[in-house]
S.K.: 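Mind having a look at this structure? Questions to follow.
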Amino acid sequence: MSKLALRGVTRWHTGAPAPVLAGLDLDVGEHETVCVLGASGAGKSTLVRVLAGLDEPQAGSIDLADSRRPALVPQSPDLFPWLTVAENVGLGARYAANAGRVSDARVRELLEDLGIAELAAALPAELSGGQAQRVALGRALAVDPGVVLLDEPFSALDPAIRADLQVWLREVLTRVQIAAVLVTHDVDEALVVADRIVYLEGARGFTAQWRPREAGTTRQEILAHYRGGTVQAAV
């Protein structure tokens, strides 16, 4: 069953000679993590903005299996500095659209699940970069979204912390059983986190996909596609 379905999604930037995205078709399964790879300028950030509802596609449709909107985890955690960790995670309760979805019990549960319960009363200035991104993910999950969107969430972190958080993210997404779309430029991150990897080439759409958990996909196979080598099965 598809949790998220794109059909013919097309997006132009004003004044551009060609669309950034053209005719995109993609299905994301109910508990599937799909990672979007692509070279710089391939339209990855535009795709995230369209999926998050920040930009409207000029053509095509985006269908969700239920009425719950996607939640976005951006590159920067963007935590409110005057709120505690628990208050930042529970921020969605302040919006009428999330009525009934965020409770104190849910926030406490997420803090435990994300390994930051001991930081509940801390302020963002007291957190490391990795801890701040855990809070940002908690804030997204607290509103019980239909899909969580992750826009290069670990790109600003050093390699060792990033590697640890990639494994942690995979474990969390598996445990909470939620559909996710991760946009990244990091092939190794995609291989660790994703159930399925798709390669985006802007107006050409998705030109390849890999299923690393089923097929034992290697870094070299994906890099070959970046370099114009053997093309894997199209989406």
Side-chain angles (χ1 to χ4, degrees), residues 2-6 9 11 20-21 24 26-38 42-57 60-81 83 85 87-99 101-102 106-107 110 113-114 116 124 127 129-157 162 165-166 168-170 172-173 176-186 189-190 193-194 198 200:
S2 292
K3 194 69 174 179
L4 172 69
L6 280 68
V9 168
R11 173 73 187 175
V20 182
L21 307 171
L24 293 190
L26 181 68
D27 289 278
V28 179
E30 188 169 4
H31 301 145
E32 184 182 28
T33 298
V34 174
C35 178
V36 181
L37 286 175
K44 300 189 299 296
S45 294
T46 300
L47 175 60
V48 169
R49 289 185 61 82
V50 168
L51 292 177
L54 300 175
D55 289 333
E56 291 290 331
S61 63
I62 300 173
D63 298 315
L64 294 165
D66 55 46
S67 61
R68 293 176 295 164
R69 290 179 58 113
L72 175 63
V73 181
Q75 293 180 28
S76 171
D78 293 333
L79 305 180
F80 285 91
L83 298 181
V85 163
E87 289 167 340
N88 269 286
V89 170
L91 188 65
R94 303 185 180 198
Y95 299 92
N98 299 321
R101 291 184 182 173
V102 186
R106 174 62 173 157
V107 170
L110 280 169
D113 206 30
L114 300 175
I116 51 176
L127 306 179
Q131 289 168 339
Q133 279 296 20
R134 290 182 186 225
V135 176
L137 179 59
R139 180 179 58 195
L141 294 175
V143 300
D144 191 25
V147 180
V148 62
L149 309 172
L150 302 113
D151 185 9
E152 300 194 36
F154 307 139
S155 60
L157 303 177
R162 188 163 64 239
L165 285 176
Q166 288 162 1
W168 167 84
L169 178 61
R170 173 66 191 175
V172 169
L173 293 176
V176 301
Q177 292 286 281
I178 191 170
V181 177
L182 169 67
V183 171
T184 183
H185 64 276
D186 187 333
E189 182 167 287
V193 178
V198 294
L200 178 61

S.K.: Please answer whether the main-chain N or O of G146 pairs with a side-chain N or O of R69 as donor and acceptor at a distance below 3.5 Å.
M.R.: no
S.K.: Which atom names give the shortest non-hydrogen contact between Q75 and S155, and what distance separates them?
M.R.: OE1-OG, 4.0 Å
S.K.: List in chain and number order the residues that pass side-chain hydrogen bond (donor to acceptor under 3.5 Å, both in side chains) with D78, two or more places apart in sequence or in another chain; answer none if no residue qualifies.
M.R.: S76
S.K.: Stepwise, does the side-chain contact (heavy atoms from CB on, under 4.5 Å) test hold for V193 with L150?
M.R.: CA-CA 11 Å; V193 178; L150 302 113; over 6 Å; no
S.K.: Which pair of non-hydrogen atoms, one from F154 and one from R162, has the smallest distance, and what is that distance?
M.R.: O-CD, 3.2 Å
S.K.: If the condition is side chain to side chain contact (heavy atoms under 4.5 Å, CB included), which residues does P70 pass it with, not counting sequence neighbours?
M.R.: L64, V147, L149
S.K.: Atom OG of S45 and atom CG of D55: how far apart are they, to the nearest 0.5 Å?
M.R.: 11.0 Å
S.K.: In chain order, what residues pass the side chain to side chain contact (heavy atoms under 4.5 Å, CB included) check against A71, with sequence neighbours excluded?
M.R.: A140, V143, P145
S.K.: Search all heavy atoms of A142 against all heavy atoms of R106 and return the closest pair with its distance.
M.R.: O-CG, 4.1 Å
S.K.: Within the 4.5 Å heavy-atom criterion, are L137 and V148 side-chain neighbours or not?
M.R.: yes
S.K.: So, the side chain of R139 versus the backbone of P77: is there a donor-acceptor pair under 3.5 Å, distance only?
M.R.: yes
S.K.: May I have all residue pairs that pass side-chain hydrogen bond (donor to acceptor under 3.5 Å, both in side chains) and include part of residues 176-185, sequence neighbours excluded?
M.R.: H31-Q177, E152-H185, T184-E189
S.K.: Once you round to the nearest 0.5 Å, how far does CD1 of I62 lie from CG of L26?
M.R.: 10.5 Å
S.K.: Do you know which of L24, V183, T46 makes side chain to side chain contact (heavy atoms under 4.5 Å, CB included) with L200?
M.R.: L24
S.K.: If you compare all heavy atoms of A136 against all heavy atoms of L79, which two are closest, and at what distance to 0.1 Å?
M.R.: N-CD2, 4.2 Å
S.K.: For A194, which residues count as a side chain to side chain contact (heavy atoms under 4.5 Å, CB included) partner, sequence neighbours excluded?
M.R.: C35, I197
S.K.: Could you measure the distance from the CG atom of D113 to the CG atom of L141? Nearest 0.5 Å is fine.
M.R.: 8.5 Å
S.K.: Hey, could you give me the CG/CG distance between L6 and L21, rounded to the nearest 0.5 Å?
M.R.: 9.0 Å
S.K.: So, using side-chain hydrogen bond (donor to acceptor under 3.5 Å, both in side chains) as the criterion, who are the partners of S2 when residues are at least two apart?
M.R.: D27
S.K.: If the condition is side-chain hydrogen bond (donor to acceptor under 3.5 Å, both in side chains), which residues does Q131 pass it with, not counting sequence neighbours?
M.R.: S128
S.K.: Apply side-chain hydrogen bond (donor to acceptor under 3.5 Å, both in side chains) to K44 and list each qualifying residue two or more places apart in sequence or on a separate chain.
M.R.: none
S.K.: For D151, give me all partners under salt bridge (Lys or Arg N to Asp or Glu O under 4.0 Å), at least two apart in sequence or on another chain.
M.R.: none
S.K.: Under the rule for side chain to side chain contact (heavy atoms under 4.5 Å, CB included), what residues qualify as partners of A156, not counting sequence neighbours?
M.R.: none
S.K.: Work out which heavy atom in P153 is nearest to a heavy atom in L182; give both atom names and the distance.
M.R.: CD-CD1, 3.6 Å
S.K.: Side chain to side chain contact (heavy atoms under 4.5 Å, CB included) with I116: which of V135, L110, L127?
M.R.: V135
S.K.: Once rounded to the nearest 0.5 Å, what's the spacing between atom CG of L114 and atom CD of Q133?
M.R.: 12.0 Å
S.K.: Closest approach of P57 and V50, non-hydrogen atoms and distance?
M.R.: CD-CG1, 4.0 Å
S.K.: What is the distance from atom CG of L54 to atom CZ of R49, rounded to the nearest 0.5 Å?
M.R.: 5.0 Å
